[in-house]
Structure formats: C-alpha cells, structure tokens
2 protein chains.
Amino acid sequence: MVIRDDCLNALKKMEGESIDMVYLDPPFFTQKEQHLKDSDGREYTFSDRWESRESYLRFMRLRLEEIKRVLKKNGSIFLHCDDSASHYLRLIMDEVFGENHFRSEIIWTYKRWSNSRKGLIPGHQTIFYYTKTANFKFNTIYNAYSPTTNIDQILQERVRDTYGKASYKYDDEGNVVLAREKKGVPMSDVWEIPFLNPKAKERTGYPTQKPVELLERIIRISTDPGDCVLDPFCGSGTTLVAAKLLGRNYVGIDSNPSAVRLCGQRLECPAKTESRLLKVGIDSYKTKTEEELALLNTLGCDVVQRNKGIDGILKTYYRNAPVAVKIQKKHESLQEAADLLCRAGNKKRCSFLVLVRTSRSAGDQEAAVPANMIVMDSPELLLENELSNQCSLYGVKSAQML
Amino acid sequence: MVIRDDCLNALKKMEGESIDMVYLDPPFFTQKEQHLKDSDGREYTFSDRWESRESYLRFMRLRLEEIKRVLKKNGSIFLHCDDSASHYLRLIMDEVFGENHFRSEIIWTYKRWSNSRKGLIPGHQTIFYYTKTANFKFNTIYNAYSPTTNIDQILQERVRDTYGKASYKYDDEGNVVLAREKKGVPMSDVWEIPFLNPKAKERTGYPTQKPVELLERIIRISTDPGDCVLDPFCGSGTTLVAAKLLGRNYVGIDSNPSAVRLCGQRLECPAKTESRLLKVGIDSYKTKTEEELALLNTLGCDVVQRNKGIDGILKTYYRNAPVAVKIQKKHESLQEAADLLCRAGNKKRCSFLVLVRTSRSAGDQEAAVPANMIVMDSPELLLENELSNQCSLYGVKSAQML
DNA sequence: CGTCTTTGTGAATCATACC
DNA sequence: AGGTATGATTCACAAAGAC
C-alpha cells in the first residue's frame, strides 16, 4: 500500500501496534533544495530548507511519536541520517524511544568518486537502530569468517583450566574433540554496500535513492516473512521493493505525488515501464542472487541480465553457435524452466541449451525437453545426493542430514 | 613532554595559541570500571563512572574550552568517542568550536573477536574533527585507486563536449593523450584499521589503547613536521609515540601516575606495531581464485584460507562432523590432491571428504581414495563432457570445440 | 532478584615444526 | 639460515548459570 499524504496525517489514521518495523529516511536538514533530472527530462525535487533547526526538530519529533504508537511491542525503528543533524536526531530518539532502547549506530560506508576538496571525502551515512521495548525481534545474519582465522578455532572444542587459561580439548586417546556446528560470524554494525549500481553512476535516479541491499539487511534482521514494514518517507520506494522481494507486507507514505506514482509503478510491473528512470531503479535490484552468479561463474558463463529465459551464455561456442544456460528458480517447476529456456534459446539460435536443476521434485521425470537441451543437477544437489547415499551406506542417519 | 595532572589544571598553565593539533580520547561515559593487566601482571585501571551525565558533560566542556584557548588559529581538534555519548559530545563541540567549524565525522572501523549478543556486533568508533577557524591546516593523503577502477580513467586525459559530456581525449593521429600524473584517491572519512590484537607484542596492557596507525593518520592530515601535538588524556601514550615517529613535538597529560610512567617507557624506544595484517593487507590472506570461490559458494561451503589440504567446510555437518572440501589445483594430479585432502581432513576428524576434479587426465582412474571420500567433477567439466558427447552425436565438430 | 562466576567466542597474533 | 604452513594462545565481553 502506498499513501500520498504528509506522513503525520497518514500515521494518525493508522491503528496502534500494527507495524513490525519502520525505516525512515527523512529530510537531512541540509538546508538545500534537492533536485535531480532523469534523462526523460522529468524533474524530481523536494525541499530540505527549514525556518530553523527547532522547526525541523519539531517536525521530526511529532512524526517519531506517531511512529512509536503504530509500532508493535517487539518492533524496531531505523532512522537514516547523514552527519548534518544526526546528533540532534539521536537526542530526540533517546527522548521518544528511551536511551535504553538504543540498539546500534549502523554505519553504511561506500566509496565514491569525488572532486578534491580540502578535507576528508564523506564516505558514510548513519542509521540509528532503536526498538520499542527491550523484548524485540532480532534475526542474526551470519557472515564468512575472516581470512586470518584458522579452521581449528572453528572446528575444535576448547577447555579452560582453573586459572582461566584456554586450550584445545582432546579425548583420552589424544584425538581432537569436535566443537558443535558453528554458523559463522554475526554481522557487525558497519556495512560496506556500494552506492547504487556502478552502471547507474552517470544516470540519475530519484534523489537520495538507497541500495536495495541496505534495506534488505534491515528488513532481514528485524522482521520475518509476513510481517509489516512501514516507510513514512518512501520516496522512490526502495524500502517497499525490498520488502516485497523478501515477502514482507509494506506501507509507504510520501507527500510527493510523483514519488507515489513512481512507487506504484516500481511495485506493480517494473518490467513494462518506459521511463529511463525506472530502468535505473530496476538495474539496481539484484536480478541474480549470489548463488546464481557463483554457479554461472563455475560453468564458465557470461552473465545475461534481464532475460527471463536465459541466465548466461557459455564463453565457448559449440557448433559455431552460443550455448544458453538457465538456472531453475526456486518457484519454477523443471518443466516451466525448460519451456522458458527453450523459447528464449531458440529465438537466439543457440546450438545447445543447458538447464541446471536446483531442486528435485516428483514431476521432474516427465518433463519434456527438446533434444538439444542438457539438463544437469546443480553441484549442491549432486553433493547432497551423494552425501545422503554415503550416509545410508554407513547405516547411520545423522540428525543434521537432509 | 608528559605531565601528570588533571588536564584542566595543566591546560590552564599552558600558553594560548601554542598547539597545532589536539587529539583526545576521554572517558566515554560507559559507566563502567575499565581495567586491564599487562603481561607482567601489573594492573591499570581507571573509572568511567559518573554521578550523572550532566556532571560528565560539565567535566568535558570545561576542558574543551581550555583546549580551544591553547589551539593555534589554524589548529585542529580530534575528539574520540564511542556511541555511548557521542551525540552529547558533539553538541558541546558545536557550542565550543562552532558548528560551522565541524569538518568530519571520522569512522574508525575494525573487526574484532566476536561474542554472543542479540544484535549487531559493535565494530566502529567515532572521531569528531573540528578546526578552530575556517582557515585551517590540512594535508590531503592520497590512497591507491580501487582495483575496479578503469586504468584509462587514471591515465587518459578527458575532454568535455559542448553539452558537458565527458570523453577520453585523443590527438590528431588518434593516439591516447595521457593525463598529468594523478596522486590517487583522497582519503575518505571511514578508516579501516585493525584493532590492537590481544596477542600483539605492542600491547601495553593499558585499557583503551589505540593503534599507532590511527594516530599517524590524524597527525599527518593536520600537522607538519615540527608542529606541536597535544593529548590531554594520553593514557598509554600512543599519540605521543606516533608524534615522535613523525617528527612532531608533543605534550601528553594524564592524571594517572602509572600511565605517565608507561608513556615515558614507550617514548624511549617508540615503535609502531609490526602488524603483518597492516603491512601486507587482508587480501594477501585470500589465496583463492574467483573460480574457486564461486565453486565453494555453490557447494554451500565456508571458505578455509589457511590450509593446504582443505579449501572449504560445508555449512552443514553430516554424521555430526564437518565435511571438508578440496578443489583440485591446476598443477596437482588427482592423487596428490586426494592425499593432501585426506591428511588434513582426517586430522580434523571430518566425516566425509569431497574432492572436486577440475581436469581430466590419464592417471585419474587409478587414483586411490579412501571410502569416505567423494570425488566429483566440477560443473564446468561435466558440462564440457556432456556438450562434447552431444556434438559427436550430431556428427559435427565445432571449430571452437575443446 | 541482584551480583558474581563461568562459558563461548574468533581475529590476529605468537610459536613451532618442517622443509 | 630463512621461509612457510599451521597449530596454539590471548583478550574482551555478553549471555547463561550459579549463588
């Protein structure tokens, strides 16, 4: 749902304790006019000029108080600032939400081109993370271990002697004792995320547009699928798009009619929109997941973006024609995937078509594929299968076994 | 010079406009007792407990005002905070130095041994950078270009057409026109510097000790050799050590006699940590190629960097033990790879070993592998094989075919 | 229910075995 | 002797457990 209104009005009409998470990216108090043109000549502007800091802060406080009201008891709020007024905003957050409900100062860092000036290049923005109460929803995201870490630490159990000195644990026979399964390193409060898509650099987007990746992280750590996300200054709608991609419900509010229109378009049928501006927005979405990119890479493919039937083209031609590769998506049956690939691949006159199966399901055996299509299992699927077989061979079923 | 006194007293005795730069790392208002032992068992403590925030802020404001007095007109001040009270401190800085003299919010980020915690792992501290006047001393530090930067952008001269569109410049004969030598990318306000490691020899045991590298950057951008640096809460004396190493004069103040003693000792033979990480960079620990990383990723592995026999560990345990994965290297025969994996994997008590074959060669059939080792072909190899078969079926050999 | 103690943790070092 | 590979260790700090 996208609402065109001053968010204060819209918030007042909303039911209390109905929202799981609020992200807001309000005016920064830069005392500047923000405006940007897209290549179709349409101009998006909003004013960030204020009579005084007091009036800006009053504006913010009123809205934050209403936000607190609509938040569920275990809900979270993320307030995006740059360094013009972050200290004032945090004071208000302390007052409205309570300083004991401050959770983190998240730093979003990025590298960007910049003309030389006297001083350091600004390369970060701050997001204040508060929760409504001490009993809040939080999903830990685990990241990879540092390259300096050795595996012993991850795999081996350790003990402490009476002085508190730690050492690795061995059993009576002198063998290593395994630690229980670990999940990786919990995410830090510093997030390095590139500023939009590098390709979008020379194009323009809605002012202050944020990367989807940033919003995805915020949504992931603070909500579950089906929860409701609110963005009271939704702008071009990045928050809503991220929420939709992650299966969350969403409410966006913006007082600017063209922003609301833009959100609606981005959310409904992004592929069909004409505007150059919108395409920029879509480019900045991840159309391929990390796993898909990695898989295409291992197959020796060039990645193809924005084609429903083809994910990659092999770097090597066979029979003097390209070979199209498609990876079965989560929501696709093998037959659906095969049909999409077949249609797209024939149009491009590919010699062979390669379909990578990523999940096994009952109907796969009957899938009808043309003679020039090779269906292969993803490495993960193959390995899973192999390990399952091995496990049953050994006659022992592990608790963690799939 | 190191002075043992409350810095308010010491500052009052100092001459006005005599200092080029002040760095201070005052108590953070954590409301905790800070204490730490050095390796000889000596214990250093200081209290960061306060009656109230007001008393803490009064304490800070008095000292900041004196600091302003002793700063030269073109001088700078760097105030080190964590997120407990940074917003309050910045308010005071705005009042004492003027918000128009705010230059940057420097973010020092680091990775640190983690701990269990509901929420994000703290991985940064903040340094507020103000100058006394608008006419301040600043030395730009240039860093290396990011590896993704197109080399043309650095080396080629560029021109703008009448519409303002930029393009590379060529001379009449179509040759590239070289740009004048560039110095690199000016430093950003986000600094990634390794945290002083628990095993580092340079650790003095004094709480809150900062890395010399951090202070070097601050001193470099704001002062020239021969200038005078002041640290009113000098603690273990890192600022003074960095100043001495860079040929700056220095004044340190601390109320703690053992801190002053420690400073004296460190200054006798000032040294920067021989941090291997800092010297060679995190990338030198990353020994995997893009392809290997992609493959490990598709298999669902955590990457293992510091082991010759193991490239990754599956995220999921089988039979309650880890599964080690190795990718056959170009120069390795299958047998060599299997032996390395076997040795390393058994030492770590892995349940299964997975060897990914990346090239087919004659001797592979005879490779002897243990019962718990799964040898699988890389997806690229599988696909190549499949395509070759298909091609011969079709009875046509492609020119590009392998 | 506070306060003290124990435990789990992983980054980046030191230490040592092995060429 | 020098370098490399990798095992071992320290520390801070939140959470759980003990008292």
Side-chain angles (χ1 to χ4, degrees), chain A residues 103-104 134 138 140 142-170 174-190, chain B residues 28 30-41 43-45 48 82 84 109-123 125 192-209 211 213 272-282 284-287 302-311 313 324 340 343-345 347-349:
Chain A
R103 298 265 88 86
S104 288
F138 187 85
T140 305
Y142 294 94
N143 291 323
Y145 292 92
S146 160
T148 61
T149 305
N150 47 355
I151 40 173
D152 313 80
Q153 303 195 88
I154 304 166
L155 299 180
Q156 281 183 237
E157 181 82 17
R158 280 176 288 181
V159 285
R160 250 191 254 255
D161 68 14
T162 44
Y163 304 103
K165 209 167 104 94
S167 61
Y168 288 128
K169 190 173 176 181
Y170 296 90
N175 295 317
V176 162
V177 176
L178 287 175
R180 64 169 190 281
E181 200 175 339
K182 302 225 171 84
K183 287 174 241 161
V185 187
M187 192 160 66
S188 126
D189 59 4
V190 179
Chain B
F28 284 168
T30 55
Q31 295 291 33
K32 285 176 192 161
E33 207 81 23
Q34 301 286 341
H35 54 99
L36 213 62
K37 269 185 206 151
D38 69 10
S39 42
D40 300 338
E43 193 163 332
Y44 298 94
T45 58
D48 188 10
D82 78 349
S84 330
T109 74
Y110 44 81
K111 290 191 162 174
R112 205 156 55 150
W113 51 92
S114 76
N115 53 50
S116 52
R117 172 190 152 113
K118 189 180 174 184
L120 301 163
I121 306 292
Q125 290 174 21
E192 189 175 341
I193 298 173
F195 194 85
L196 212 53
N197 190 268
K199 289 289 284 184
K201 266 185 183 150
E202 192 212 296
R203 262 184 109 96
T204 60
Y206 199 85
T208 76
Q209 187 181 345
E213 169 74 17
K272 189 174 167 180
T273 328
E274 276 299 309
S275 160
R276 179 174 150 71
L277 179 62
L278 208 59
K279 203 158 57 186
V280 300
I282 193 81
S284 75
Y285 286 87
K286 299 174 184 166
T287 56
D302 283 327
V303 177
V304 171
Q305 295 283 4
R306 298 180 59 210
N307 193 298
K308 252 198 159 166
I310 301 177
D311 289 324
I313 298 280
L340 281 168
R343 187 140 25 100
K347 217 192 292 186
K348 307 289 185 223
R349 306 196 68 104

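Side chains are part of it too, since the values below use all heavy atoms of this structure and drop only hydrogens, waters and symmetry mates. Just so it is clear: chains get the letters A, B, ... in the order the sequence lines come, proteins before strands, and each one is counted from 1.
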Spacing between [X] atom [atom1] and [N] atom [atom2], to the nearest angstrom:
X: B:Y110; N: D:dA12; atom1: OH; atom2: P; answer: 13 Å
X: B:K118; N: D:dC13; atom1: NZ; atom2: C1'; answer: 18 Å
X: A:D152; N: C:dA12; atom1: CG; atom2: P; answer: 17 Å
X: B:Y285; N: D:dT4; atom1: OH; atom2: P; answer: 13 Å
X: B:Q209; N: D:dA12; atom1: CD; atom2: P; answer: 11 Å
X: B:N307; N: D:dA8; atom1: CG; atom2: P; answer: 13 Å
X: B:F195; N: D:dC13; atom1: CZ; atom2: C1'; answer: 11 Å
X: B:I121; N: D:dA14; atom1: CD1; atom2: P; answer: 9 Å

Exercise. Please work out which of the three classes, parallel, tilted or perpendicular, describes the rings of B:F195 and B:W113, given edges at 30° and 60°.
Key: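 Geometry flag for B:F195 against B:W113: perpendicular rings.
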Set out, line by line, the N/O atom pairs under 3.5 Å between protein and nucleotides 16-19 of chain D.
none

Exercise. Supply the atom-to-atom distance B:R306 CZ to B:Y285 OH, rounded to the nearest 0.5 angstrom.
Key: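 It comes to 7.0 Å.
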Quiz item: So how far is it from A:Y170 OH to A:Q156 CD, rounded to the nearest 0.5 Å?
Solution: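 Here the rounded value is 5.0 Å.
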Main-chain N/O of [Y] paired to [X] side chain as donor or acceptor, under 3.5 Å:
X: A:D189; Y: B:G123; value: yes
X: A:K182; Y: A:I154; value: yes
X: B:Q305; Y: B:T287; value: yes
X: B:Q209; Y: B:T204; value: yes

Self-check item: Position toward the 5' end of DNA chain D (nearest nucleotide), A:S167 or B:R306
Solution: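 Closest to the 5' end, via its nearest nucleotide, is B:R306.
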Quiz item: Does B:K348 have any salt bridge (Lys or Arg N to Asp or Glu O under 4.0 Å) partners at least two apart in sequence or in another chain, and if so, which?
Solution: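 Residues passing salt bridge (Lys or Arg N to Asp or Glu O under 4.0 Å) with B:K348: A:D152.
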Using nucleotides 7-11 of chain C, report all nitrogen or oxygen pairs with the protein that are shorter than 3.5 Å.
| residue | atom | partner | partner atom | Å |
| --- | --- | --- | --- | --- |
| C:dG8 | N7 | A:R160 | NH2 | 2.7 |
| C:dG8 | O6 | A:R160 | NH2 | 2.9 |
| C:dT9 | OP1 | A:R180 | NH2 | 3.4 |
| C:dT9 | O2 | B:S114 | O | 3.0 |
| C:dG10 | OP1 | A:G184 | O | 3.4 |
| C:dG10 | N7 | A:R158 | NH2 | 2.8 |
| C:dG10 | O6 | A:R158 | NH1 | 3.3 |
| C:dA11 | OP2 | A:S146 | N | 3.0 |
| C:dA11 | OP2 | A:T149 | OG1 | 2.2 |
| C:dA11 | N7 | A:Q153 | OE1 | 3.3 |
| C:dA11 | N7 | A:Q153 | NE2 | 3.1 |
| C:dA11 | N6 | A:Q153 | OE1 | 2.4 |

Practice problem: Please check if any side-chain donor atom of B:E192 sits under 3.5 Å from a side-chain acceptor atom of B:T109, or the reverse. | Solution: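 B:E192 vs B:T109: no donor-acceptor pair found between side chains.
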Practice problem: Using a heavy-atom cut-off of under 4.0 Å over every strand shown, decide if A:Y142 touches base, sugar-phosphate, or nothing. | Solution: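 No contact at all - A:Y142 keeps every heavy atom at 4.0 Å or more from the nucleic acid.
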Quiz item: Can a side chain N or O of A:K165 be found less than 4.0 Å away from OP1 or OP2 on D:dT10?
Solution: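 The answer is yes; a side-chain N or O of A:K165 sits under 4.0 Å from OP1 or OP2.
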